[in-house]
Structure formats: C-alpha cells, structure tokens
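A quick write-up on the structure given underneath.
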Amino acid sequence: MNTTVVKFGGTSLASAAQIRKAAAIIKANPSRRFVVASAPGKRDSADTKVTDLLYRCYDLASGGKDFTPALDQIRARFAEIIEELGVEFDLDKELQIIRSHLENDPQRDYMASRGEYLNSRILAKFLGFTFLDAAAMVCFFPNGRFDANRTDALLRAELAKTEYAVVPGFYGASDDGRIHTFSRGGSDVTGSLVACAADASLYENWTDVSGMLFTDPRIVKNPHTISVITYRELRELSYMGATVLHEDAVFPVRKAGIPINIRNTNRPEDNGTMIVPDLPADMQKRIVTGIAGRKGFTSVLVEKSMMSTEVGFGAKIMGIFAANNTPFEHCPTGIDTISVIVNSAQFREKKEAILQQIRHELQPEYICVEGGLAMIAIVGHGLVYAKGSAARVFGTLAKAGINVRMIDQGSSEMNIIVGVAEEDYEAAIQSLYEEFC
Ligand code: ADP
Ligand code: ASP
Ligand code: MG
C-alpha cells in the first residue's frame with residue numbers, strides 16, 4: 001500500500017471542531033498512515049497560539065514571575081478540546097509535570113514543545129492511532145544542531161514497526177534527554193522527515209489556505225493558487241517570506257523525490273498546490289510563478305576605488321560578517337562597490353563591531369548603512385527565457401511611484417530580487433501582482 005504522510009498545522013487543529021475535520025480527512029484514505037501534528041493555533045484572528053502561551057509561561061517562570069494564569073489558559077484550551085472530543089486523557093497529570101519543570105528548571109525549548117506533545121497525544125487517542133514521541137526519534141546534537149542521519153535511521157526503524165501513528169511536529173531531543181525545537185513553523189520540517197523515513201509516495205501539508213498562493217493573501221485580496229510549482233521555486237518563495245511552508249521542509253523530500261501537496265483543511269475538495277521536481281511541459285511557458293517578500297533588512301554598502309582589482313576583497317568583507325556571527329542574505333556587487341544585505345535584528349547587536357572591523361581591515365572610502373528595507377523576490381523558471389522581465393519589474397514599480405533601492409538577480413536566474421523601503425512594501429507587492437499574475 002502507498003503511504004501518505006499528512007501534516008496538520010496549528011489552525012487545522014486549533015479546536016475540537018477543527019480536529020474533527022482533520023480526522024475525517026485522515027480516515028477518508030487508508031494510505032494516510034502517519035500524521036504529524038502541530039500545537040493548537042489561533043481559532044480566530046484575535047486568539048493566541050498555544051505555542052505562544054507556552055513561551056509566555058517560560059518567560060514568566062524564568063523571570064521569577066507568576067506563570068499560573070498563562071498555564072491556566074493552556075489548560076483551558078486543551079480541556080475544551082478533550083471534553084468536546086470525548087477522549088479520555090489525564091490533563092491534570094500532564095500539566096503537573098509541566099508545572100514542576102517550570103518551577104524547578106524552566107527550559108525554553110522543552111516548554112515550547114509541549115503544545116505539539118499534548119495535541120498529538122490527544123489526536124492519537126481520538127484517531128485510535130499509536131502515539132510516537134518525536135523526542136525518541138528526531139535527534140539533535142547537544143549544541144542544538146539537527147542530526148539528520150540519526151533521525152532518519154531511528155524514524156525509519158520505528159515507522160516500519162507501526163501501521164498508523166501520530167508524531168508530534170516541531171521538536172526532538174539530544175542524547176542527554178534535552179528537548180530541542182526547530183525554528184517557528186517547524187512542524188513542516190518534521191512532516192518532511194517523516195515522509196522520507198516512511199518512503200512515502202506523497203507528503204500532504206494541510207493548512208488554512210488552498211495551497212501556495214501567487215502572493216501573500218494578507219496583502220493582496222484573493223491571489224490565485226499556484227497549481228504546480230517546483231521545489232526550487234517553492235524554496236525561493238518560502239525563504240523570501242511565503243510562510244505557508246517552512247523553508248527547511250523542502251530539502252528532505254526533494255532529495256527523496258517525494259512530492260508535497262499543500263491542502264486546505266477547511267476546503268478538502270480543493271486540489272491545492274503540488275510541489276514537484278520539474279514542471280509539466282504545458283506549464284513551462286509561465287514566466288512568473290509567485291512573488292514573496294519580507295521586511296526587516298539593512299544594507300551595508302562599502303565603496304573603495306579599484307576594489308575589483310583587490311584580490312580577496314569580497315572574501316574579507318564576508319569574513320568580517322561571518323566572524324561576527326551575522327549571516328548575509330544577498331550581496332550585489334558593482335565595480336567599486338559591494339552591498340551586504342543583512343537581517344536588521346541580527347545586525348543591530350553587532351553593528352559597531354562589524355563597521356569598525358570593515359574600516360580597520362578594508363580601509364574603504366565610504367560606508368553607508370541603510371535600514372528599513374524590504375526585500376521582494378519575483379520567482380519563476382520562465383524568467384530565464386523571457387526577455388525584458390527585469391525591465392517589466394522596474395517599469396511596474398516606477399509607475400507605482402516606488403523607488404527601487406537595491407537589485408539582485410539571483411544566480412539561479414529564476415528570481416529577481418528588489419529592495420524597497422519598508423513603507424512601500426505592500427504597494428510594491430500589489431503592483432507586481434497586478435503586472436505578473
Ligand atoms: P500552519 O499553521 O497550517 O502551518 P501557517 O500559518 O504556517 O499555517 O501558514 C499558512 C499561512 O501562510 C496562510 O494563512 C497565509 O496567511 C500565509 N501565507 C503567506 N504567504 C503565502 C502564500 N504565498 N501562499 C499561501 N499562504 C501564504
Ligand atoms: N507550534 C509551532 C509554532 O507555532 C510549530 C508549528 O506550528 O509548526 O511555531
Ligand atoms: Mg506553518
């Protein structure tokens with residue numbers, strides 16, 4: 001029998017009613033054998049995700065403050081789910097364990113992981129599936145780095161013995177028993193790892209939108225669903241801000257050649273988006289597949305005459321950012337200039353040290369630091385073939401009265417990246433959408 005791995009996100013499991021929808025989807029097809037579950041998310045836009053409540057408990061406990069009201073909110077969320085589903089579950093006992101951790105030795109990742117842990121145990125009970133704890137199978141090194149090889153071996157062995165199971169997303173553990181999490185939204189990554197280890201023929205990622213949309217639905221009203229997209233396009237879009245799928249969820253399944261299908265738990269009749277290695281022939285004419293972006297970048301422009309003839313200049317500047325533990329996002333270069341685009345929050349802490357080192361070691365004539373940048377990626381394999389695409393991007397932005405502060409054509413040639421002022425971000429996305437959708 002084919003195996004499908006299904007991952008349900010926070011909104012898909014936010015309440016008993018949502019869990020019933022997820023269960024109906026799971027039970028509708030016996031190949032949906034392995035379920036990866038998130039913590040309960042928002043029930044409406046004013047609600048708080050259980051993961052955020054858990055982080056709040058940790059912050060209060062580690063600051064020596066009273067965490068009981070926050071823990072009671074978590075209790076209420078789960079109590080309602082348990083009661084409405086009619087499952088037997090000793091919530092008091094579980095919350096007592098969490099409380100004693102908070103009182104004795106609060107650990108941030110441990111706390112964050114409890115939403116997935118409790119929700120998966122409840123879901124497993126409701127479905128009649130085995131609960132497999134990710135702490136025993138998803139491995140991290142003690143320094144918090146993910147251990148892919150051991151994880152695959154352990155997951156493989158465990159899944160081979162199990163017919164139907166629920167695995168909590170987002171976390172794992174190191175050999176010393178300490179819990180570690182992926183970054184936010186990381187249940188998508190667990191889903192991808194489970195799909196590989198189960199040799200699944202399909203990884204279904206169930207969320208609250210009918211697939212990957214052409215652009216961010218919070219900015220543009222009703223963008224169309226991208227019916228088929230390649231792993232590479234998706235990776236570019238998710239990295240650049242299309243948060244529907246965690247950017248690290250693409251690698252494992254891509255390597256194993258397992259397609260991902262993004263689906264809507266509230267509209268299971270929609271086909272969603274298929275993510276595949278190559279586009280079918282009839283779709284190869286498409287120029288732009290999607291547009292994504294994010295705010296929160298800073299550009300560090302360094303100018304020095306004859307920079308282009310100074311061997312190793314680029315390596316030296318990159319070395320300075322690396323030595324200060326500040327990864328760079330993009331690095332467009334001119335003949336005598338180089339711009340390093342960094343995440344503003346990461347750069348802020350290291351700014352003075354980095355600038356001082358650049359001045360001292362590279363002796364530039366000019367350095368300019370500009371914050372408040374938003375980066376937008378226009379992504380599509382068709383950009384390689386379509387003449388004049390960059391001109392269309394700039395023409396569109398110019399017509400909308402938006403100044404382009406930075407340009408970078410990705411070396412894969414499947415994306416054009418532009419930097420605009422943060423306050424122009426929404427208008428830029430809207431105008432590019434109208435031009436390319
Ligand atoms: P889940 O909790 O199911 O993992 P997420 O909140 O992580 O769901 O991701 C789904 C959300 O991603 C959507 O509700 C939507 O607001 C947002 N999003 C941003 N960009 C896009 C896009 N291009 N396509 C679809 N959704 C997007
Ligand atoms: N619950 C975690 C978060 O809110 C992980 C996830 O939902 O994927 O980030
Ligand atoms: Mg998500």
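Excluded from the calculations below are hydrogen atoms, water molecules and symmetry mates; all remaining heavy atoms, backbone and side chain alike, are included. Start at 1 and go down the list; that is how both ligands and their atoms are numbered.
Here Tyr171 pairs with nothing under the ring-ring contact (aromatic ring centres under 6.0 Å, His included) rule; sequence neighbours left out.
Counting non-hydrogen atoms of neighbouring residues, nucleotides and ligands closer than 6.0 angstrom, the CD atom of Glu434 exceeds 12 such neighbours.
Each of the atoms 3 (C), 4 (O), 9 (O) of ligand 2 lies under 4.0 Å from some heavy atom of Arg184. Of all the atoms in ligand 2, the ones that sit under 4.0 Å from a non-hydrogen atom of Ser38 are 6 (C), 7 (O), 8 (O).
Not one N or O on the side chain of Glu435 forms a donor-acceptor pair closer than 3.5 Å with the backbone of Arg392. Under a 3.5 Å cut-off, the side chain of Thr151 and the backbone N or O of Cys139 do form a donor-acceptor pair.
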Side-chain donor/acceptor pairs under 3.5 Å, residues 86-97, sequence neighbours excluded:
unit_1, atom_1, unit_2, atom_2, d
Asp90, OD1, Lys93, N, 3.2
Asp92, OD1, Arg75, NH1, 2.9
Glu94, OE2, Arg121, NH1, 2.8

In residues 248-262, what donor-acceptor pairs under 3.5 Å come from side-chain atoms, sequence neighbours left out?
unit_1, atom_1, unit_2, atom_2, d
Asn261, OD1, Arg263, NH1, 3.3
Asn261, ND2, Asn271, O, 3.2
Asn261, ND2, Thr273, O, 3.0

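When the options Asp47, Asp72, Asp52 are evaluated for a salt bridge (Lys or Arg N to Asp or Glu O under 4.0 Å) with Arg77, the one that passes is Asp47.
Look at Gly115 and you'll find every heavy atom at least 4.0 Å from all atoms of ligand 2.
Contacts of Glu116 with ligand 2, taken as heavy-atom pairs under 4.0 Å, involve the side chain alone.
Taking the six-membered ring for Trp and the full ring otherwise, Tyr117 and Phe131 have centroids separated by under 6.0 Å.
The shortest N or O to N or O distance between Asp188 and ligand 2 is not under 3.5 Å. Taking any N or O of Gly10, backbone or side chain, none lies under 3.5 Å from an N or O belonging to ligand 2.
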Enumerate, one pair per line, all nitrogen or oxygen atoms of ligand 1 lying under 3.5 Å from a protein nitrogen or oxygen, stating the separation to 0.1 Å; write 'none' if no such pair exists.
unit_1, atom_1, unit_2, atom_2, d
ligand 1, 2 (O), Gly10, N, 3.2
ligand 1, 3 (O), Thr207, OG1, 2.7
ligand 1, 4 (O), Lys7, NZ, 3.1
ligand 1, 8 (O), Thr207, OG1, 3.1
ligand 1, 14 (O), Asp208, OD1, 2.8
ligand 1, 14 (O), Asp208, OD2, 3.2
ligand 1, 23 (N), Leu213, O, 3.0
ligand 1, 24 (N), Leu213, N, 2.8

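A cation-pi arrangement, defined by a distance under 6.0 Å to the six-membered ring centre and an angle within 45 degrees of its axis, is present between Arg294 and Tyr239.
The closest protein non-hydrogen atom to atom 6 (C) of ligand 2 is Ser187 OG, 3.4 Å.
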